[in-house]
Structures are given as structure tokens and as C-alpha cells.
2 protein chains.
Amino acid sequence: MLSSKWVYLTVGALRRGRMRHGELARKMEGITPKMLTQTLRTLERDGLVRREIFPVIPPRVEYELTALGHDLAGLLDQIRQWSEVHVPDIRSARLAAQEGTL
Amino acid sequence: MLSSKWVYLTVGALRRGRMRHGELARKMEGITPKMLTQTLRTLERDGLVRREIFPVIPPRVEYELTALGHDLAGLLDQIRQWSEVHVPDIRSARLAAQEGTL
DNA sequence: CCGTATCCCGAAAGATACTG
DNA sequence: CAGTATCTTTCGGGATACGG
């Protein structure tokens with residue numbers, strides 16, 4: 001899960017509350033319908049997201065985080081915080097390594 | 001970095017102290033020389049690992065975590081702790097999802 | 001001992017078009 | 001609206017062999 005960019009974005013979006021497929025798609029620039037569905041289905045299978053279908057026309061499907069999903073959101077937050085602190089250092093190290101190569 | 005199994009294992013091993021290439025290879029069952037070198041080089045480039053070469057024959061090369069590397073080890077620890085608590089729940093969810101499909 | 005150089009492969013991502 | 005189906009491509013990982 002930690003290796004998928006779309007998992008980060010999806011969980012991040014759902015954190016603010018229940019949302020429809022279309023809303024999610026609009027919040028996540030660049031995602032294709034296939035990847036969105038695939039990501040949501042995996043999260044659902046793993047018990048992180050709950051999927052509710054309303055049997056109406058046109059279709060209406062809503063997604064929300066489960067308790068476990070919120071726990072994951074907490075971990076992703078820790079990762080985000082770590083990144084905000086340390087990624088700049090990593091960037092500098094990379095640039096310095098490049099300089100050495102030139 | 002969080003998407004590479006070898007990063008977890010390498011950082012985990014180096015956490016206990018400075019180590020040679022061969023020692024690392026022996027601690028990490030299944031890793032090929034190529035993957036070990038590739039992992040170490042990436043970690044070095046990103047400022048997480050320091051590489052020291054002793055100009056002797058036969059060659060002697062030692063690796064150790066930098067301060068930034070120890071910071072990363074801390075994050076990996078948080079991920080490990082989260083996993084120990086929640087991965088069983090995810091496993092259950094997966095099994096339950098399978099049952100539903102049968 | 002500490003690596004490089006190649007080649008190969010499968011899984012995952014993306015683009016595109018279509019449907020109940 | 002909320003997906004599926006199909007095709008293509010990319011890319012990281014692994015196996016193997018060789019070299020200073």
C-alpha cells in the first residue's frame with residue numbers, strides 16, 4: 001500500500017468524508033477510471049474502505065474509510081510529516097551527488 | 001524507498017552498526033550482489049548511508065547509516081509497529097473477502 | 001572481496017474505447 | 001454515472017556470467 005501513489009491520494013481524499021466515484025476522480029488529477037476503481041477495490045478488499053451502492057438510475061456509489069482505513073491515514077500522516085522534515089535533506093544529498101559526478 | 005523490501009532489510013541491518021558488503025549479503029538471504037549494490041548506492045546517493053573504501057587488497061568496503069539514515073530507520077520502525085498491530089486485521093479482511101467470492 | 005555487465009521476465013501502470 | 005475490456009508500454013527485479 002505504501003508503494004502506491006494513488007493509495008496516498010485516495011485515502012487522503014476520503015479522510016475528509018464520504019465521497020462518490022466522480023468526486024474522487026475530480027480531486028485526483030491524472031488518474032484514469034481504471035486506476036481509481038482498481039485502487040478502491042483493493043482498499044475495500046483489505047478492509048480499509050467501505051463501498052455503498054445505491055440502486056438508482058443513474059448509478060450512485062459512495063466510498064468512505066473504515067476505522068482501519070482511518071488508522072492507515074494516521075500512518076500515512078506520519079510518513080508525510082517525516083517527508084516534510086527530511087525530504088529536503090535527501091534532495092540536497094542528491095544534488096550534491098550529482099555535482100560530484102559532473 | 002518505502003516500496004523496496006531491500007531498503008527495509010538493509011537499513012534494518014545497518015542499524016546495529018557499520019558493516020561490510022559481505023556481511024550484509026550474508027544477513028540478507030536471497031539478495032543478489034546486483035540488488036545489494038544497487039540498494040546501497042541509492043541509499044548513499046540520498047545521504048542515508050556512508051560508504052568507506054579501504055584501499056587494500058583484497059578490497060574492504062564498509063557501510064554505515066548517516067544521521068539521516070537513522071532518522072529513516074525511525075520511520076521504518078513506525079511502519080513496522082503499525083504493521084504488527086494492523087496487518088492481522090487486513091489479513092482477516094482479505095480472507096473474508098475471499099469467502100464472499102466462493 | 002567487491003563489485004559490473006547483460007539479458008530476461010512478469011507485474012503494474014497508462015491510454016483508449018466501450019457499456020448497463 | 002460508474003465502471004469494464006483491451007492493448008501497449010514501462011520498469012524494477014532477478015539470474016547469470018565476468019572483472020579489477
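Chain identifiers are assigned alphabetically (A, B, ...) following the order of the sequence lines, protein sequences preceding nucleic acid strands; residue numbering begins at 1 within each chain.
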Please collect all ring-ring contact (aromatic ring centres under 6.0 Å, His included) contacts where either partner lies in residues 58-79 of chain A, sequence neighbours excluded, each pair once.
none
Side chains of A:Leu48 and A:Met1: closer than 4.5 Å at any heavy-atom pair?
yes
Note: contacts of residues 48-62 of chain B with DNA chain D (heavy atom, under 4.0 Å) are B:Pro59
When you measure from the side-chain N and O atoms of B:Tyr63 to the phosphate of C:dC2, is any distance below 4.0 Å, counting only OP1 and OP2?
no
Atom-to-atom span, CD of B:Glu29 to P of D:dG14 - whole angstrom:
14 Å
Heavy-atom count check: over 12 atoms from other residues, nucleotides or ligands less than 6.0 Å from B:Arg51 CZ?
yes
For a quick test of reading the model, state the closest non-hydrogen atom pair linking B:Gly12 to B:Arg15 and the distance between them.
O-CB, 3.3 Å
Side-chain heavy-atom pair B:His21, B:Thr37 within 4.5 angstrom cut-off:
yes
Inter-residue atom distance A:Glu52.CD - A:Arg18.CZ, 0.5 Å rounding:
4.5 Å
Could you run down nucleotides 12-18 of chain C 5' to 3' and tag each one B, S or - for protein heavy-atom contact under 4.0 Å?
-BBB---
Would you compute the distance between atom CD1 of A:Ile79 and atom CD of B:Gln78 and round it to the nearest 0.5 angstrom?
8.5 Å
Close approaches to DNA chain D from residues 13-26 of chain B, in residue order (heavy atom, under 4.0 Å):
none
Is it true that B:Ile53 and B:Leu36 fall in one hydrophobic cluster, defined by side-chain heavy atoms closer than 4.5 Å?
yes
Can you check whether B:Thr66 reaches B:Val49 side chain to side chain, under 4.5 Å on heavy atoms?
no
Using modelled atom types only, decide if a donor and an acceptor are shared between the side chain of B:Trp82 and the backbone of A:Asp71 within a distance under 3.5 Å.
yes
Which angle, to the nearest 10 degrees, lies between the helix axes at the two ends of the helix from C:dC1-D:dG20 to C:dG20-D:dC1, each defined by five pairs?
50°
Output for pair (A:Thr42 OG1, B:Arg94 CZ), nearest 0.5 Å, gives 8.5 Å
Under-4.0 Å side-chain N/O to phosphate OP1/OP2 contact, B:Arg41 with C:dC2:
no
Supply the atom-to-atom distance B:Leu72 CG to B:Leu43 CG, rounded to the nearest 0.5 angstrom.
7.5 Å
For the pair made of CG in A:Leu40 and C1' in D:dG3, what is the distance, rounded to whole Å?
11 Å
In the hydrophobic clustering that connects Ile, Leu, Val, Met, Phe, Trp and Tyr at side-chain heavy-atom distances below 4.5 Å, which members other than B:Val56 occupy its cluster, ordered by chain and number?
B:Phe54
